[in-house]
Amino acid sequence: MTSPSPSHISSLWKGKSKAADDDYNDLNPIITYRHLLSSNMRVKDPLRVVALCDSDAFYAACEQVRLGIDPSRPLVVLQWESLIAVNYPARKFGISRMAKLKDAKQLCPELVVVHVATYKEGEKEPGYWDNVDTRTHKVSLDYYRRESMKIIDVFKEGLPTGEIEKASIDEAFIDFTNPVREILLARFPYLAHVPADAPNGIDTQLPPPPPISWEKLSVVVPIFPGTEGSEDQPESSTKGHDLDNGAQEESDEAPTWHDVALSIAAELMEKIRDAVRTKLGYTTSAGIARNKFLAKLVASYRKPNTQSILRNAAIPNYLRPMAFQKIRFLGGKLGEAIANEYDVSTVGDLLTITLGEMQRKFGENAYWVYELLRGIDRSEVKEKGSQNKSMLASKNLPQPIINATDGHHWIRVLAAELALRLNDARKTSPTLWPKAVVLHARKGYQTARSKQAAFPFTRNLTVDVIASAGDRLWKELVGESKIIKVTSIQLAFTGLETAESGQQSIETFFKTPDRRQQLSPNNHGEPTLKRVREEDLDDALPQMVALEGEESTSCTDASTSFICQRCGKRLHLADSANIDINGDGRVEALQTLRMEHNDFHFAQDLSKTSDEPQEDSAKKKKKRKEPEGIAKFFNRK
DNA sequence: GGGCATGAT
DNA sequence: GGATCATGCCC
């Protein structure tokens, strides 16, 4: 349809390397009615518009909002001794992420310093404590994860039709192509039908676009940047100069319909960013361009609180002087290999290298890199399920673990965190289930080793189940060695999926006794599921521990307890549980309790291979006031 | 499927 | 550098 056949490079790059812009020869494709009127061209759409939006100094902003601090005050977020986030006011004092806290305070006496939330011994939930200590505490990033979700939700509200891909905790890609197309057609109705006298029918080129008033709040990358230094200078004298120079030069470059599309996307992006700002208090920066790669790149053109637009016509001069190792995926070993191979540093330097040569040197990656250098990126913005595929809790140990048996302590801490987080995630996805648990450990300098094991489906997700699995993996890892030097441990769930997506798992789930009638009828209808979710899954962890106790003296009535055939223990509903509001709730809760207890045995069976004494929680239930939740897994000393 | 390496924020 | 995530390669 378009002049070059996009899937074949030979026609795109006809071996010429002389004239500079031959390297960028697809930047002004002919756009026809067919292009405009098709909504399924995906990455080949010449009107494609993608944005990358990220939060400015996200962790710092989270803390600033949480504490109700004036956003203009300099603030840093601390993780142990290092700064992990520095807000923009603080950066004005010359504080960078690599700075030491001492120096930062020196540079800015009124600096607000916030340490990330941590798990602390004796406390059930992560919190913000004084005098955190890496020997006894464990960092929790949960608050940021939650805030991140809120932002994504605002994105979705503002963009019911567009695709949104969460790229990290503070970034998301947005495909504006289709929403923009709709607006384009509404705003320029004459484009909606092919004129009768169109020479090539639907394949006729669109009429010239109107002049564009670029959104006032957007920065547009100039086609001919100032001759001085690089354009990524933070707020230098670019204002007046670029306007004179740029405006004049750019008027030479006629706007295209793609430029119109970019400007509409900018309007939408601005609205969404404004919603995030007013509803949640976070400022964001965004990049808007023809694909993900370029959107990501321009997003950092001006920060903070700014969105930048990269017109196709501006791509060559923007890309050529760029240090290619700043490009996504070229920041690591591959980029370094390329740099060493050719002893060059900018994108422009690499444009003279032929595809064939790159392929000989770098194999499969070559084609992809070759295109990236030319501003081409065929990767799609793909909506990811709102929940992650893995869940990891990790700890670097300030003082290495020497005795193999000392590993249990941290494993239990990590297991408790995972239990908390997964049970929490199940409030919104009741059937969320990890396929495996993985334990990573690094001994001394060696690279980390890992072991994994299948994880049983358990609705009753207890710390014991996770920790015993972890303990078993720990043994496999450290073996019989007495003297070890473990400097870091990570415990993770992988293959996290909600049961309604897979078939094997859905079967497993519904085979759980007595669950069928309650869950199966409602694929989309919510009420039943909602009740199940709130009553059964909420706090499944602490409840289970409490319920297993023998000393439960409250009621021994058959309506609030039962005796397990398997272990002979009597199981009681917890007094504290908010389920005894009416008879119905109690019956159901008892049912649930029975099931959960079965699940418990099931899981115990599966993890029996361990020669570890299976610590039945009932055994150590002598203590009257056990701390709840994660608290009891910290050693009291 | 398990273990590992790489890359990103 | 620490804590998380994802993906792709190899057996």
Side-chain angles (χ1 to χ4, degrees), chain A residues 52-62 77-86 96-101 115-119 126 132 134-135 137-146 148-149 165-173 285 292-293 296-297 299-300 303 325-337 363-365 368-369 379 382 384-398 410 413-414 417-418 421 425 434-442 446-455 473 476-477 487-496 504:
Chain A
L52 181 282
C53 183
D54 70 285
S55 274
D56 301 321
F58 183 53
Y59 291 180
C62 285
V77 177
L78 213 56
Q79 181 175 18
W80 312 132
E81 296 306 304
S82 38
L83 308 186
I84 55 171
V86 180
S96 80
R97 213 122 123 272
M98 280 305 134
K100 310 291 277 182
L101 179 57
H115 193 281
V116 292
T118 54
Y119 293 100
V132 292
T134 179
R135 292 169 303 178
H137 295 54
K138 149 120 192 38
V139 163
S140 166
L141 301 179
D142 237 31
Y143 183 74
Y144 309 136
R145 290 190 197 99
R146 292 177 206 283
S148 175
M149 292 292 306
E165 175 184 336
K166 189 169 189 280
S168 78
I169 198 163
D170 75 331
E171 292 180 325
F173 287 102
S285 298
K292 290 172 73 174
F293 154 61
K296 166 77 178 169
L297 213 49
S300 52
K303 287 186 159 189
Q325 283 174 326
K326 293 206 311 191
I327 293 177
R328 205 159 68 125
F329 302 130
L330 296 186
K333 303 207 169 175
L334 178 57
E336 210 192 323
E364 198 39 48
N365 291 319
W368 177 72
V369 171
S379 63
K382 51 181 186 302
K384 310 241 180 112
S386 64
Q387 46 89 41
N388 292 325
K389 299 184 185 102
S390 67
M391 185 182 283
L392 170 74
S394 69
K395 176 70 185 170
N396 276 43
L397 301 159
W410 281 113
V413 171
L414 300 179
E417 180 183 345
L418 288 182
R421 284 167 58 187
K435 292 203 167 31
V437 227
V438 187
L439 179 74
H440 280 254
R442 178 162 32 90
Q446 308 180 157
T447 54
R449 285 289 163 104
S450 75
K451 284 292 173 188
Q452 60 180 300
F455 195 75
L473 296 171
E476 292 183 36
L477 270 183
T487 53
S488 120
I489 354 182
Q490 320 176 238
L491 194 60
F493 285 141
T494 63
L496 235 32
Q504 199 264 339

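So you know, we letter chains A, B, ... as the sequences are listed, proteins then strands, and number each from 1.
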Peer 1: Between B:dG3 and A:Arg449, is there an OP1 or OP2 to side-chain N/O distance shorter than 4.0 Å?
Peer 2: no
Peer 1: Looking at A:Lys384, I'd like to know whether one of its side-chain N or O atoms comes within less than 4.0 Å of OP1 or OP2 on C:dA6.
Peer 2: no
Peer 1: Mind calculating the distance between CG (A:Leu78) and C1' (C:dA3) to the nearest angstrom?
Peer 2: 15 Å
Peer 1: What heavy-atom pair brings A:Leu78 and A:Ile84 nearest, and what distance separates the two atoms?
Peer 2: C-CG1, 4.5 Å
Peer 1: Can you check the A:Lys166 NZ to B:dA8 P distance for me, whole Å?
Peer 2: 18 Å
Peer 1: Is A:Ser450 near enough to B:dC4 that one of its side-chain N or O atoms lies under 4.0 angstrom from OP1 or OP2?
Peer 2: yes
Peer 1: Between A:Ser390 and C:dA6, is there a side-chain N or O to OP1/OP2 distance below 4.0 Å?
Peer 2: yes
Peer 1: Taking the minimum atom-to-atom distance to the side chain of A:Gln490, which one of B:dC4, C:dT4, C:dG2 wins?
Peer 2: C:dT4
Peer 1: Please determine whether a side-chain nitrogen or oxygen atom of A:Arg145 lies at a distance below 4.0 Å from atom OP1 or OP2 of C:dC5.
Peer 2: yes
Peer 1: Has A:Lys296 got a side-chain N or O lying under 4.0 Å from the OP1 or OP2 atom of B:dT9?
Peer 2: yes
Peer 1: OP1 or OP2 of B:dG2 less than 4.0 angstrom from a side-chain nitrogen or oxygen of A:Gln452, does that happen here?
Peer 2: yes
Peer 1: Determine: side-chain N/O of A:Arg421 to OP1/OP2 of C:dC5, distance under 4.0 Å, yes or no.
Peer 2: yes
Peer 1: Checking contacts here: which listed nucleotide (B:dG7, B:dG3, C:dC5) is nearest the side-chain heavy atoms of A:Lys333?
Peer 2: B:dG7
Peer 1: From C:dG1, B:dA8, C:dG2, pick the nucleotide closest to the side chain of A:Trp80?
Peer 2: C:dG2
Peer 1: Between A:Ala61 and A:Asp56, what is the shortest heavy-atom contact and its length?
Peer 2: CB-O, 3.8 Å
Peer 1: For A:Leu141, which contact category applies under a 4.0 Å heavy-atom criterion: base, sugar-phosphate, or nothing?
Peer 2: sugar-phosphate
Peer 1: Let's see if you can work this out: which of B:dG7, C:dC5, C:dA3 has an atom nearest to the side-chain heavy atoms of A:Val139?
Peer 2: C:dA3
Peer 1: Hey, does A:Ile489 reach any base, or is it just sugar-phosphate, or nothing, if we go heavy atoms under 4.0 Å?
Peer 2: nothing
Peer 1: So, for A:Val438 and A:Gln452, which heavy atoms are closest and what is the spacing to 0.1 Å?
Peer 2: CG2-CB, 3.7 Å
Peer 1: Below 4.5 Å, heavy atoms only, C-beta onward: do A:Lys138 and A:Leu414 meet side chain to side chain?
Peer 2: yes
Peer 1: Heavy atoms from C-beta onward define the side chain here; which of C:dC5, C:dA3, B:dG7 lies closest to that of A:Ser394?
Peer 2: C:dA3
Peer 1: Over how many whole Å does the gap from A:Arg97 atom CZ to B:dT9 atom C1' extend?
Peer 2: 7 Å
Peer 1: If you check the A:Lys395 side chain, which of C:dA3, C:dT7, C:dT4 turns out closest?
Peer 2: C:dA3
Peer 1: Looking at C:dT4, I'd like to know if its phosphate oxygens (OP1 or OP2) sit under 4.0 Å from a side-chain N or O belonging to A:Lys389.
Peer 2: no
Peer 1: Could you tell me the separation between the CG atom of A:Leu397 and the C1' atom of C:dA3, rounded to a whole number of Å?
Peer 2: 13 Å
Peer 1: Figure out the OH/C1' separation between A:Tyr59 and C:dA3, and round it to whole Å.
Peer 2: 7 Å
Peer 1: Measure from the side-chain heavy atoms of A:Asn396 and tell me the nearest of C:dT4, C:dG2, B:dT6.
Peer 2: C:dG2
Peer 1: Between C:dT4, B:dT9, B:dG7, which one does the side chain of A:Asp170 approach most closely?
Peer 2: B:dT9
Peer 1: If you compare all heavy atoms of A:Arg442 against all heavy atoms of A:Asn396, which two are closest, and at what distance to 0.1 Å?
Peer 2: NH2-ND2, 3.7 Å
